[in-house]
Amino acid sequence: MKADPTLIPGLIEEAIRWTTPVKHFMRTATEDTELRGRGIAKGDWLMLCYASGNRDEAVFEEPYQFRVDRTPNRHVSFGYGAHLCLGQHLARLELRILFEELLPRLKSLSLDGEVKLTQATFVNGPKRLPIRFDLV
Ligand code: HEM
């Protein structure tokens with residue numbers, strides 16, 4: 001990343017796919033339909049499981065590989081359709097600025113202990129992420 005900052009947008013997109021911070025939302029079917037052989041009736045409640053969608057082998061080549069060069073990266077971490085995340089561009093901008101400003105200042109960065117994730121069911125992220133770093 002330090003050697004080639006043009007990789008940063010790909011890193012951000014893949015990190016958002018990989019972590020899928022928002023785990024699920026709910027929808028109500030507005031008409032009878034069928035999806036991959038499963039019947040869905042009007043009025044049914046559906047759980048949109050974004051983490052599962054983001055590892056769909058039919059969409060992503062090697063979904064369990066973290067690839068900064070994944071193109072296209074059609075993840076659903078920001079949802080889909082009419083309620084697609086309103087803040088997605090701000091989220092990407094914040095992450096891009098973070099990496100653009102941080103990377104030139106870092107000489108090294110490594111894990112320094114056990115990583116723990118939050119146990120939440122809706123929005124997940126790191127609870128504990130000990131790191132060691134040296135500044136340039
Ligand atoms: C990485 C960061 C973020 C992720 C992963 C994320 C994810 C999501 C998801 C999955 C949805 C639901 C989409 C759907 O129902 O189809 C959503 C909706 C929404 N997000 Fe985000 N979001 C992020 C950052 C933000 C930020 C920074 C803002 C505001 C500044 C924001 C504002 C909203 C709003 C207002 C909605 C509701 C849109 C609607 O119902 O029409 N989000 N987001």
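When a ligand or atom number is given, it counts from 1 through the structure's own listing order. Numbers here simply count residues along the sequence, with the first being 1. Values in this document were obtained by computation on a predicted structure and should not be read as measured data.
Contacts of Y80 with ligand 1, taken as heavy-atom pairs under 4.0 Å, involve the backbone alone.
Only one option out of E13, R55, E14 pairs with H75 in a side-chain hydrogen bond (donor to acceptor under 3.5 Å, both in side chains); it is E13.
Given atom 22 (N) of ligand 1, the protein heavy atom at minimum distance is C85 SG, 3.0 Å. Summary of contacts: the protein heavy atom closest to atom 36 (C) of ligand 1 is L86 N, 4.0 Å. Nearest protein heavy-atom neighbour of atom 6 (C) of ligand 1: F78 CD2, 3.6 Å. Looking only at heavy atoms of the protein, atom 29 (C) of ligand 1 is closest to G87 CA, 3.8 Å. Ranking the protein heavy atoms by distance from atom 11 (C) of ligand 1 puts F25 CE1, 3.8 Å first.
Counting only heavy atoms from C-beta outward, the side chains of F60 and R17 approach each other to under 4.5 Å. Taking the side chain as every heavy atom from C-beta outward, I16 and L95 approach each other to under 4.5 Å.
The environment of CZ in F66 is crowded: more than 12 heavy-atom neighbours from other residues, nucleotides or ligands sit within 6.0 Å. Counted within 6.0 Å of NZ on K2, heavy atoms from surrounding residues, nucleotides or ligands total more than 12; the atom is thus considered enclosed. Sparse packing is recorded around CD of Q119, with 12 or fewer heavy atoms of other residues, nucleotides or ligands lying under 6.0 Å away. Counting non-hydrogen atoms of other residues, nucleotides and ligands closer than 6.0 Å to CZ of R74 gives a total of 12 or fewer.
When each atom of ligand 1 is checked for a heavy atom of L90 under 4.0 Å away, the hits are 30 (C). Residue S77 has at least one heavy-atom neighbour below 4.0 Å for each of these atoms of ligand 1: 5 (C), 7 (C), 10 (C). Less than 4.0 angstrom separates some heavy atom of R27 from each of these atoms of ligand 1: 14 (C), 15 (O), 16 (O).
When the heavy-atom distances from atom 2 (C) of ligand 1 to A15, A91, A82 are ranked, the shortest goes to A91.
Within the structure, ligand 1 lacks G81 among the residues with a heavy atom less than 4.0 angstrom away.
For ligand 1, none of its N or O atoms has an N or O atom of Q88 under 3.5 Å away. Distances between N or O atoms of H83 and those of ligand 1 include at least one value under 3.5 Å.
Interatomic distance, CG of L7 versus CD1 of I12, reported as 11.0 Å (0.5 Å rounding).
Checked for salt-bridge contact, R70 and E61 miss the test: no charged N lies under 4.0 Å from a carboxylate O.
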